[in-house]
Amino acid sequence: MTTMTEASVREFKMPDVGEGLTEAEILKWYVQPGDTVTDGQVVCEVETAKAAVELPIPYDGVVRDLHFPEGTTVDVGTAIISVDVGGGSAAPAPAAEQPAAAQPAAAAPAEEPKAAGSGRQPVLVGYGVATSSTRRRPRKGPEVPVPQASTAIRTELNGHAPTAPEPAPAAAQAASDRPLAKPPVRKLAKDLGVDLTTVVPTGPDGIITREDVHAAVAAAVPAAPEPSLASAPAAAPASYDTARETRIPVKGVRKATAAAMVGSAFTAPHVTEFVTVDVTRTMKLVEELKADKEFAGLRVNPLLLIAKALLVAIRRNPDVNASWDEAAQEIVVKHYVNLGIAAATPRGLIVPNIKDAHAKTLPQLAESLGELVSTARDGKTSPAAMQGGTVTITNVGVFGVDTGTPILNPGESAILAVGAIKPQPWVHKGKVKPRQVTTLALSFDHRLVDGELGSKVLADVAAILEQPKRLITWA
């Protein structure tokens with residue numbers, strides 16, 4: 001049997017995306033030890049504080065070790081997978097066939113592979129590459145080489161934390177006994193404190209489903225014994241605790257959002273203004289546009305016209321589209337609008353933006369909005385799509401909420417909250433009639449937007465939505 005030498009092993013490290021991120025969580029492995037991989041093949045999916053990204057391997061070879069299990073948060077620059085690139089076609093010898101004395105103490109990490117002839121290092125998809133002279137950000141701790149046959153790592157990958165090294169055959173046996181479950185189900189079980197080895201699978205081919213996990217929780221709670229001095233365990237079972245509270249780790253997108261919102265709230269002096277407006281004519285225009293052949297196949301809704309109204313208001317009041325440069329003590333007025341749209345996703349709130357939204361026609365804006373929403377729902381929003389926003393819209397009305405006081409997206413000057421649109425009694429042409437009404441709320445950074453400017457922008461948006469023909473007369 002062909003064996004692999006330490007010299008032929010390459011360690012693929014968690015890439016540095018160059019966006020100020022220092023860690024990423026491994027969501028899913030697409031390969032296992034012994035699999036053959038080729039240059040450019042996606043080997044895993046990771047979640048950064050910006051988005052979920054698939055990582056391609058930069059060379060050909062045979063997978064030797066996966067250094068971290070799914071669900072682990074890994075520092076940038078830490079080796080996550082070992083690949084034998086020696087050219088041997090045979091898979092690595094099973095750990096059980098290798099004498100313990102013959103296994104190396106620790107393989108020195110090899111240099112991170114570089115693109116041929118370019119002197120550049122591979123980074124995350126969508127970010128291009130960084131030159132080899134780029135200085136890495138400080139890591140959280142020293143990089144610890146991982147032994148080839150480390151029983152602790154092999155066992156950890158199978159979901160069991162060892163207390164002492166075990167013989168290689170035991171680790172191999174543990175691998176075959178690993179419960180079958182998809183990553184979302186594993187995460188659910190982890191959040192609920194459920195040991196998957198105790199769950200009875202009902203899915204095809206013995207796969208554990210979400211319903212199986214919930215059933216395990218429901219079955220465990222009533223079965224909890226009455227506490228007594230003789231039989232009470234030292235700690236309450238995890239499934240028992242979940243009946244009263246659930247702990248969710250703050251990481252990835254949620255962690256980044258929390259930090260950004262706290263920084264924004266305590267850095268930029270927020271001011272919020274409100275206006276209630278009759279949008280009956282706008283709602284009629286939405287129905288007319290749905291029947292227009294120019295919008296065939298496009299998603300037409302009130303948000304489209306609200307976005308266009310805000311863009312027109314910014315064109316009439318360009319100073320609102322700015323940012324605060326603390327280092328230079330300058331206000332930077334942008335001559336373009338990257339319009340952010342707040343989107344709630346399973347991973348948390350994200351704000352991708354439509355680049356150069358000010359230059360788009362209404363059909364083009366509708367197309368961009370549709371792509372933005374569908375990409376966010378699929379969890380495929382790229383980090384680049386969430387960079388460079390200038391002004392944001394958050395539609396809290398979809399939740400039946402009338403209004404709110406939105407917090408600025410960091411680095412932006414204003415955010416418009418749109419409330420629920422619903423029929424209300426309204427004075428129209430001297431008579432009280434039922435009209436479609438909504439409330440708008442505009443928060444802005446009072447360092448660069450004073451009350452007059454903020455009021456003009458909000459008033460312009462309201463005026464356009466009340467009389468949408470102003471989209472033409474004010475163009």
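In what follows, every heavy atom counts, from backbone to side chain, and hydrogens, waters and symmetry copies are set aside. Residues: numbered from 1 along the sequence shown.
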S.K.: For Lys290, give me all partners under salt bridge (Lys or Arg N to Asp or Glu O under 4.0 Å), at least two apart in sequence or on another chain.
M.R.: Glu287

S.K.: Check whether any side-chain N or O of Glu70 sits under 3.5 Å from a backbone N or O of Trp29 as a donor-acceptor pair, and report yes or no.
M.R.: yes

S.K.: Under the side-chain contact (heavy atoms from CB on, under 4.5 Å) criterion, do Thr438 and Val277 qualify, and how do the steps go?
M.R.: CA-CA 6 Å; Thr438 189; Val277 57; 3.8 Å; yes

S.K.: Short question: side chain of Asp356, backbone of Ala359 - any donor-acceptor pair under 3.5 Å?
M.R.: no

S.K.: If you apply the rule side-chain contact (heavy atoms from CB on, under 4.5 Å), what do you find for Val43 with Leu66, and how did you get there?
M.R.: CA-CA 10 Å; Val43 295; Leu66 308 180; over 6 Å; no

S.K.: Can you list the residues that meet the salt bridge (Lys or Arg N to Asp or Glu O under 4.0 Å) rule with Glu294, with sequence neighbours excluded?
M.R.: none

S.K.: Should Asp319 and Leu448 count as side-chain neighbours, where that means a heavy-atom distance under 4.5 Å?
M.R.: no

S.K.: With sequence neighbours left out, what residues match Gln467 under side chain to side chain contact (heavy atoms under 4.5 Å, CB included)?
M.R.: Arg281, Lys469, Arg470

S.K.: Pair Thr209, Asp212 - check side-chain hydrogen bond (donor to acceptor under 3.5 Å, both in side chains), show working.
M.R.: CA-CA 5 Å; Thr209 65; Asp212 297 336; 3.1 Å; yes

S.K.: Is the closest side-chain heavy-atom distance between Trp324 and Ile331 below 4.5 Å?
M.R.: yes

S.K.: May I have the step-by-step check of side-chain hydrogen bond (donor to acceptor under 3.5 Å, both in side chains) for Thr439 and Thr276, ending in yes or no?
M.R.: CA-CA 4 Å; Thr439 299; Thr276 302; 3.2 Å; yes

S.K.: Val391 vs Ser413, test: side-chain contact (heavy atoms from CB on, under 4.5 Å). Steps then yes/no.
M.R.: CA-CA 6 Å; Val391 175; Ser413 59; 4.2 Å; yes

S.K.: Does Lys284 have any salt bridge (Lys or Arg N to Asp or Glu O under 4.0 Å) partners at least two apart in sequence or in another chain, and if so, which?
M.R.: none

S.K.: With sequence neighbours left out, write down each residue that passes side-chain hydrogen bond (donor to acceptor under 3.5 Å, both in side chains) with Glu371, or none if nothing qualifies.
M.R.: none

S.K.: Between Leu310 and Val337, is a side-chain contact (heavy atoms from CB on, under 4.5 Å) present by the stated rule, with each step listed?
M.R.: CA-CA 10 Å; Leu310 179 58; Val337 181; over 6 Å; no

S.K.: Listed by chain and number, what are the side-chain hydrogen bond (donor to acceptor under 3.5 Å, both in side chains) partners of Lys422, not counting sequence neighbours?
M.R.: Asp402

S.K.: Who pairs with Thr38 by side-chain hydrogen bond (donor to acceptor under 3.5 Å, both in side chains), at least two apart in sequence or on another chain?
M.R.: none

S.K.: Sequence neighbours left out, what passes side-chain hydrogen bond (donor to acceptor under 3.5 Å, both in side chains) with Thr394? Give chain and number order.
M.R.: none

S.K.: Could you walk me through whether Thr202 and Glu211 pass the side-chain hydrogen bond (donor to acceptor under 3.5 Å, both in side chains) check?
M.R.: CA-CA 9 Å; Thr202 62; Glu211 290 72 19; over 6 Å; no

S.K.: Any pair with a residue in residues 307-317 that passes salt bridge (Lys or Arg N to Asp or Glu O under 4.0 Å), sequence neighbours left out, goes on the list, sorted by first then second residue, please.
M.R.: Arg316-Asp460

S.K.: Give a yes or no on whether the backbone of Gly419 and the side-chain of Asn395 come within a donor-acceptor separation of less than 3.5 Å.
M.R.: no

S.K.: Determine the minimum heavy-atom distance between Ala79 and His67, stating which atoms define it.
M.R.: O-CD2, 3.5 Å

S.K.: Filter on salt bridge (Lys or Arg N to Asp or Glu O under 4.0 Å), then keep only pairs touching residues 426-444, sequence neighbours left out; what's left?
M.R.: Asp278-Arg435

S.K.: Residues in side chain to side chain contact (heavy atoms under 4.5 Å, CB included) with Lys334, at least two apart?
M.R.: Asn321, Ser323, Val332, Tyr336, Thr390

S.K.: Who are the salt bridge (Lys or Arg N to Asp or Glu O under 4.0 Å) partners of Glu452, not counting sequence neighbours?
M.R.: Lys456

